Amino acid sequence: MFDLILQATYSGLLSGGSYALIALGLALVFGTMRVINLAHGEFVLLAAYIAYTVESQMDWNPLLALPISVVVVCITAAIVYLLVTRLDKNREMNSLILTFGLGVILTNLVLFIWKADIHSTSVGWFQEAVVLGPLYSMRSELLFFITSVVMVAILWVWLDKSWYGRAVRAVSSNRDAAKLMGINPHVTELISFLIAGILASFSGVALYCASVIQPALGNALTIKAFIITILAGIGSIPGVLIGAVLLGVSEALTITLLSSALQELTGMLLLLFVLLALPNGLFGRAGRRG
Amino acid sequence: MLKLESINVRFGGLAALQDVSLLVDSEDMVGLVGPNGAGKTTLFNVISGLVRPTGGRVLFNNIDVLRKPLYARARMGIGRTFQIPQPMHELTVRENLLVAQRFGTGSVNQSKIDEILDFVRLSDKSDRNAATELALTELKALEVAKALAIQPKLLLLDEVLSGLETAGKRQFMQMLSDLHWRFDVGILIIEHDIETISSVCKRVCVLNFGKLIADGTADAVFKDPEVIKSYTGESGA
Amino acid sequence: MEFAKKLAQTAAILSLAAFASTAVADEFVVGSNLPLTGPQARWGQEVAEGFKLATEAFNRGSAKHKIKLIVTDDEGNPAKASAAAEKMISDGAVALYGGFPTPAVVGAANVATKAGLVYMSSGYGGTKADFKNFFQINAISGYQKAIAGTMLDMGAKSVSLIHNTKEGSAYVATAVAKALTDKGVKVTMHPYDSAIADFKPIINKIKLQDRPELISMVGYESEYIGMLRAAKVLKPEVKAIVCAYGVATPKMMADFPAELQNVYGTTMLSYPAEFATKDGKEFAEAFKKTFNKDPDYLAQFGYVSGQVLFEAIARAANAGTIAKGGIAAEMRKTDRETITGRVTFDETGFNPHFVLRMGQIQGNKIPLIWPKEAATGKMNFPGLPW
Amino acid sequence: MKIRFLLPVLAVVYLAIPYLWGGNNYVMSLLVAAFIIAGVALAWALLANLGGMVSFGHSAFFGVGAYLSALLCINYRLPVLAGILMGGIGAAVASIAMLPALRLRGPYFALAVLAYANIFKILAMEFKGITEGAAGVTNIPALPTVMGFDFSSKLGTYLVIVTIVLLFTGSYHLIRVSHYGAALKAMHDSEDATRVVGVNSTLLKAMMLFVSAFMTGVVGAVNAHYINFIDPDYAFDLGWTLLPMVAVVFGGYRTLMGPLVGAVGIFMLDQLVFKALIGTGHQIMLGAVLAVMVLFSPDGLVPLIGDKWKRIRRAQA
């Protein structure tokens, strides 16, 4: 039993890491603009399909797809940003509807271009086992996890120390005051969208290397990222990692201790608990959501 | 009618109100003065239910209302206005009063509404959109009218005169002095301007840094050295 | 007198009906509602290809009767399937054929039943259908027979069964579990929701707690890959991995050669297709020529369903009974060998002879290894992907 | 709803459409499907417009209504119409579980309700003893034949669902013009101001949630008796939330007729035009419609047409 719990915790930790990388971009945009980008999962999916194309068409290692997917996804992110800023009325709600619609368009574009078949990398190296004592994982999962932790750290330090980071935080806490301080909120918001695009590219390529992709996946990714953002609370970058790991571990433990059919239920109950009992998420800045 | 017993409110480390006790009777018209940030509006928020105090009791007609939500206190007869007028959006002036009357008293009485509209001189504006089509004086009048529509026993008026030019102010002051007897309501009024307050209220309370430093007739209060100090201190700052 | 009058009237009506049926005898409309878009699109398109091929084959082979095929996309949605069925019936369809998933089949079959038409399907996931003229050449029981049969022949005493909680998979898994338990095999079930991301906790539970001889998987393509990769990392000490539909296909084998080595999966065909019968060879060639790819088992279902249905229509047309429910009667009389095996229909409309075969991915081939009489290769047992 | 609008609508819906297409089962079945979505769209818009809450979880009410009515009619031989009513009541009761979420706003509320919908679906899957689990409920009794008229026919079902949707529209209208409607309208942008005059905003919001859940449950139940089959995936499909949302955005959620016009319009466009144009992936057009509407006419199509109409009238006068 102990072995089981140990492995489940480890697996949960690793999948939590992958959730975190997927959620990070969504959380950043939400923190900056209070806009939930429901097309974020499609950004990730797009990067994953670019990795597939690079591998299958050019016979390159899928990791080499990163520069291309960064360019493509960032352009897409910039377009989404420009459309979102066109909304003048009731932006919080209308941006949900707009980005949902854009997500539907992207999903169907992926379906047009790449068809409905499932894909995953054929580079066997990624699927080789890494055994650490009693703990088992795939190389790709560890890679995914480490990338995620590094990204969280970089973003955290960057937001904390850099001038842009300060501007982002200023805009997110008080847009008008930031303007008075000479910050152009449009630039900082665009930058956070572009960073979300870069993060989505990393997670997309990692996703392609670690698991199986299909066009319908985008939606599921967005919802997962959305849940983690809420668990973390607005504006908490390390909270994203911790919230994601919490979700991953509790899912894995549910499978081990209860039934595998109940994993989804655990995630949803966790979300409801945080929403209803912890008004600022696990680590969020104070700020009323109710 | 209203009895505050050692009210304390803290926002984080800041003590917004300290041990404030106060009695207001149904025949009273009490002025509440004090420099900016003294805690006047916070006190109103405590009475009407927008802020829950960290300590103390609020009794209204001998009932402890601290656990009662905003709307329930309104139904008991505590009406209030906001310093920055908050009309109910998307409704006309008349609808604003209708909603207040219907939910504040439980029934609708059109002639009463006409009477209030007439009193605050909004009769000819009754079909205007309250949020977008009124001037500031009219918005302030609507604030008072809304509060009257719930048939209050106690009326909390938060700087209804501020921001008005002289003519509007004079007209409003006339209205305020009539309010008391026309609607048979106890009044607690926040006002910045000492002259105004002493011309309308016989009794004045002074708040400074969250503490009630004086409570008495207007003449006596404004001769109190501590009060004078608090005001000059403010102007010197 | 009265009797003679009645007789004359009946004769007149009969001759009219016969005239009517000969007048349209050259062409019969058959409608097909399938999910050509939406989440079930891949299955719908495969089946549609097989059905189309059967139409062409029939029209080539029959001088007297022709089939005109209308295919409508129902997106797998019952309300749209119902509308599609109405549309095709109003366009003169004499019988309908359709789709996935079960709710969409029910939506269209209800309409057909009300109109008194035959409804044929390849995707009804239940064990018994409650429509009067419902027919299906494949049945859940076929999967159960192949999966449970293979595992029993392997002599397994304990099995861990991982399955998706969705309707079709849950049905198959429950049936397999029952068949195995009846023979004294210890079965542990591990249902999972489609939202699952990592199968390692499940596989590890199997490895450390169940310690079975065999693992069986019933789910969808991407999930099989996830399960197999997790198993490859944890390496539970089992002898074989036996899967249901969607694994033993040429496409999956080409895309995931490393993951699927030695894995078993239900199928109808070996790969490269080795058809023993003339029928089968014709089908495989024609399919390759028309669609430029190898047929999979869903295409076969579509093809055989078409064959059986069109022949019944032709027989009913010859007998002049199309307007009087003759197609259903002829369908019930069906008894023929097809490329999916013998087809007859029992009173519930399912084919009691339907059995899937079990294939095993060996190198770049998928020989059939179960049942013995259909086997085209030797079983690698014990055999695992790692 | 003013009489001069009501009469033509009634005439079209009850006379013109049955007269023109009553015998055409294809058109009727498309209309039934469209009005089912319209019913949910109306309930969704009521919650969004009056309650100020955007829900991602209406599939929960749809599914509960469908399951409750189906199971009551099968296991307890309840008449279908009573079952449908119970389906609505059941959905309203189920919405009690969501009351804690009323404290949340905007995306937080939307996500919380989505979580509830997922939980309901998993429960339907797991409580096999009651719901038959993944296998689904078969043989759900059809709408009855009353005085010789078969309401399970396409025309019959059309009349039933249209009547229900119009009754709901009427109730929505009555709520909207009542004092409750005024208070709810005021709450959106000035909640404190509304509460200090005695409005119990939480209670009002809860009532709107009940009403919306009831309506959605009734429509879900009608659909179950129309299709005669439900399983958790179908009855709790997220599509039962998303498609009505698209319809509402398309038609406009501030107006009474917006959800109806939007649902019927978008469904027919999708089925008859988009599908014919692109086939695979025609949902892309739905996404595009959503994006374009939100960007260029966030209040939807009905107000847009209304404005145009007024301008033309003014120009003529």
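Note that the structure is a prediction, hence the values are computed from the model and not measured.
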Comparing D/Leu30, D/Asp237, D/Asn139 against chain C, the one with the most heavy-atom pairs below 4.5 Å turns out to be D/Asn139
Which one of D/Lys154, D/Met125, D/Met28 has the most heavy-atom pairs closer than 4.5 Å to chain C? D/Lys154
Taking every non-hydrogen pair under 4.5 Å, which of D/Gly136, D/Ser152, D/Ser153 racks up the most with chain C? D/Ser152
Centres of the C/Tyr97 and C/Phe51 rings: under 6.0 Å? yes
Is the CZ atom of D/Phe149 crowded by more than 12 outside heavy atoms at less than 6.0 Å? yes
With chain D, which of C/Ala83, C/Gly168, C/Ser90 has the greatest number of heavy-atom pairs at distances under 4.5 Å? C/Ala83
Checked C/Ala170, C/Ser82, C/Gly107 vs chain D; the most non-hydrogen pairs under 4.5 Å come from C/Ser82
Is it the backbone or the side chain of D/Asn118 that comes under 4.5 Å from a heavy atom of chain C, or both, or neither? neither
Near C/Lys178 NZ, under 6.0 Å, is it more than 12 heavy atoms from other residues, nucleotides or ligands? no
Just wondering, are more than 12 heavy atoms of other shown residues or ligands nearer than 6.0 Å to CG in C/Asn292? no
Rounded to the nearest 0.5 Å, what's the gap from CH2 on C/Trp43 to CD on C/Glu46? Could you check? 12.0 Å
